[in-house]
Amino acid sequence: MPLDTVPSVCPHDCPSACALEVERIDRSTIGRIRGAAANDYTAGVICAKVARYAERVHHPDRLMKPLLRTGPKGSTQFKEIAWDEALDRVAGAFAEATAKHGAETVWPYYFAGTMGLVNRDGINRLRNVMGYSRQDANICTTVVRAGWIAGMGDVKGTDPREMAKADLIIMWGGNPVSTQVNVMTHVARARKERGAHFVVVDPYRTPSAEAADEHVMVRPGTDGAVAAAMMHVLFRDGHADRAYMARFAENVAELEAHLKPRTPQWAEAISGVPAAQIEALAKRYGETQRAYIRVGYGFARSRNGPMQVHAVACLPTVGGKWQYEGGGALWKVDGYYKVDKSLIEATDRLDPTTRVLDMSRIGPVLTGEDAVVCQGPPVTAMLIQNTNPVAVAPDTGRVLKGFNRDDLFVAVHEQFLTETARHADVVLPATTFLEHADLYTAGGHPHLEVHDAVIDAPGECRSNHRLLNELTLKLGGDHPSCHMNEAELLDATLRKSGYPGFAEMVERRWLDIGPKEEADRRFANGFPTPSGKFRFCADWSALGPSGAGIEGFPDHVDIVDRATGDKPFRMVTAPARNYLNTSFTETATSKKREGRPTVMLHPDAAAELDVEEGARVRLGNGQGSVVLHARLFDGVQKGTVIVESVWPNAAFEEGVGINLLTSADSPPPMGGAVFHDTAIWVRKA
């Protein structure tokens, strides 16, 4: 008997939002998952993590019933309770906290464990209806966004499918082989059909760099210097498209003057990239019309991340590459989507005077050390969905200290008993994406996608949407969307946004909302800035409260956590191939393939430390220290160390993970997280 194959959409925190085909064995069971071949971005290809998703859906440790903590915070001591009691306890705790401190003492906290708009962003409906503290959801995209819009004006770029038509592809600050496999599908087409040259700019030899024709091994936090030096060469050697810039760019003469001293030799001293390699790459870029830059997230996770992104984003305008099919650059395509989320988030109830707390600074927020929280009540009650901050957030020491407070009530809605769930007072079982309907935009392609539930929810699992409606009503709040099921809310949202209704979209599966006219695809009528021109000189102070005084032209902005005599190494905590944040750390295959937490050390650095392959080493800074096993690796500069992550805290010898060392500092101009900007020492353990 042939298997029933049902369409769906991957919900995980990845720009690809892959269109899926799910083998359904019965209404409770799935088999293998494949990419939808008919979707011209997914093109039948998905990552191995999602292909084996049955491991996660049918995992024996999956939460099935509400739990009440009976032991210390952080333990696994819980007892099962009924949903009614669980909701009563959560609502009662929120009401009690509000009566004592005011509504802002409650902080609903979420991120992108699902990217579905209803089940990710619906928590803001509870927040807005009840007047709870708002959240600056900045842990992932804010730093990159600041750098991109500083020049472009909006989150737009060259259609990602055009990579297949490029002759030169530069993957800058990303590792798509591990984290966004569909990029490699289009790279492979360009290499096969056009002989395209594929370059990866990254601090270490990632699987993507292994697959590339060329690897530019840059020191962390110095990409801006490499980009500035490449533009120096473009101007110097006649590869700058002056006619294009005259029409479509601001401050061209000032940029050229600024770049005169930014030579490849200058950049080599800063970045460690040989001047000859910078010269050759700039020459290749200048001579190639169809040159496509795919901007990743990695090089933005730094205190100077926005400035680095802006510098790279300037390159296709200097070279005039936007004019050509297969040319230009892309970070995300968000600017093309027009989804009205007013019903999902109850934006008509939003009070703009309610305080906004920085999710990347959850540690200082919960310990009372954050400036914003110091001006009002402490956070004494939380609902957490779609994220695992005890493992994922920066500055784990403060995060743990905050979660261990006796006066903090925490409810966690989860699929597994994560480390954050272990610190909860009440744990509520959540559905996976296969067990509810939702709507998806994507960062990596211009398809609006919708899917319905593939299988029934197991046990007593409830979707985020259902929980939020029930909790809001129990708290005495109300909103029209609280009386809609997911299909009804999706239908109303789609129609308000000018798209077909839910039933039609389920039938169609996706809608290509990218620009159709050639002029719109090529910015032939100007860039989405007030002047219609690309901004070579970024006005950082206009983008955020901490942007004043930052150099506006592309440059190396030296505001990173510098290596010193006491902390001679710079650490990058890049994503592990088989994990996605912590979404797959429970599955057996992912754990087996990753093995154990390791630190990649250059052999020369290891020799100076008298460290051998597999030896225990201790990494530390002023925030603490952790023990890992050494992996000697010549695909990294001597002063750089790589710890692929995010491993659960429990995977480390002393029960605290690598984010113990990362900082909750807020980068200019508009905040975010600086996971790859950490100076440390390394010693034999």
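Looking at Glu279 and Lys283, no side-chain N of the basic residue comes within less than 4.0 Å of a carboxylate O on the acidic one, giving no salt bridge. Using a 4.0 Å cut-off between charged side-chain N and carboxylate O, Arg355 and Asp136 make no salt bridge. By the 4.0 Å N-to-carboxylate-O rule, Glu518 lies close enough to Arg522 to be salt-bridged with it. The pair Arg301-Asp677 does not meet the salt-bridge criterion, since no charged nitrogen lies less than 4.0 angstrom from a carboxylate oxygen.
Here Asp539 pairs with nothing under the salt bridge (Lys or Arg N to Asp or Glu O under 4.0 Å) rule; sequence neighbours left out.
The side-chain contact (heavy atoms from CB on, under 4.5 Å) test with Phe675 singles out one residue from Ser663, Pro394, Ser360, Ser302, and that residue is Pro394.
For the pair Lys321 and Tyr285, the cation-pi criterion (under 6.0 Å, within 45° of the ring axis) is fulfilled.
Under the 6.0 Å cut-off for aromatic ring centres, Phe248 and Phe534 do not qualify, their centroids lying 6.0 Å or more apart.
Counting heavy-atom neighbours within 6.0 Å of Arg247 CZ, excluding the residue itself, gives a total of 12 or less. In this structure, Lys165 places its NZ atom where only 12 or fewer heavy-atom neighbours from other residues, nucleotides or ligands lie under 6.0 Å away.
Asp358 and Asn138 share a side-chain donor-acceptor pair at under 3.5 Å.
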Atom pairs and distances, side-chain donor-acceptor, residues 327-334, under 3.5 Å, sequence neighbours left out:
from	atom 1	to	atom 2	distance (Å)
Lys332	NZ	Asp334	OD2	3.0

Practice problem: Under the side chain to side chain donor-acceptor pair (under 3.5 Å) rule, what do Glu214 and Gln277 come out as? Steps first, then yes or no, please. | Solution: CA-CA 10 Å; Glu214 181 179 353; Gln277 186 177 24; 3.3 Å; yes
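For the atom pair CZ (Phe633) and CE (Met600), the distance works out to 5.5 Å, reported to the nearest 0.5 Å.
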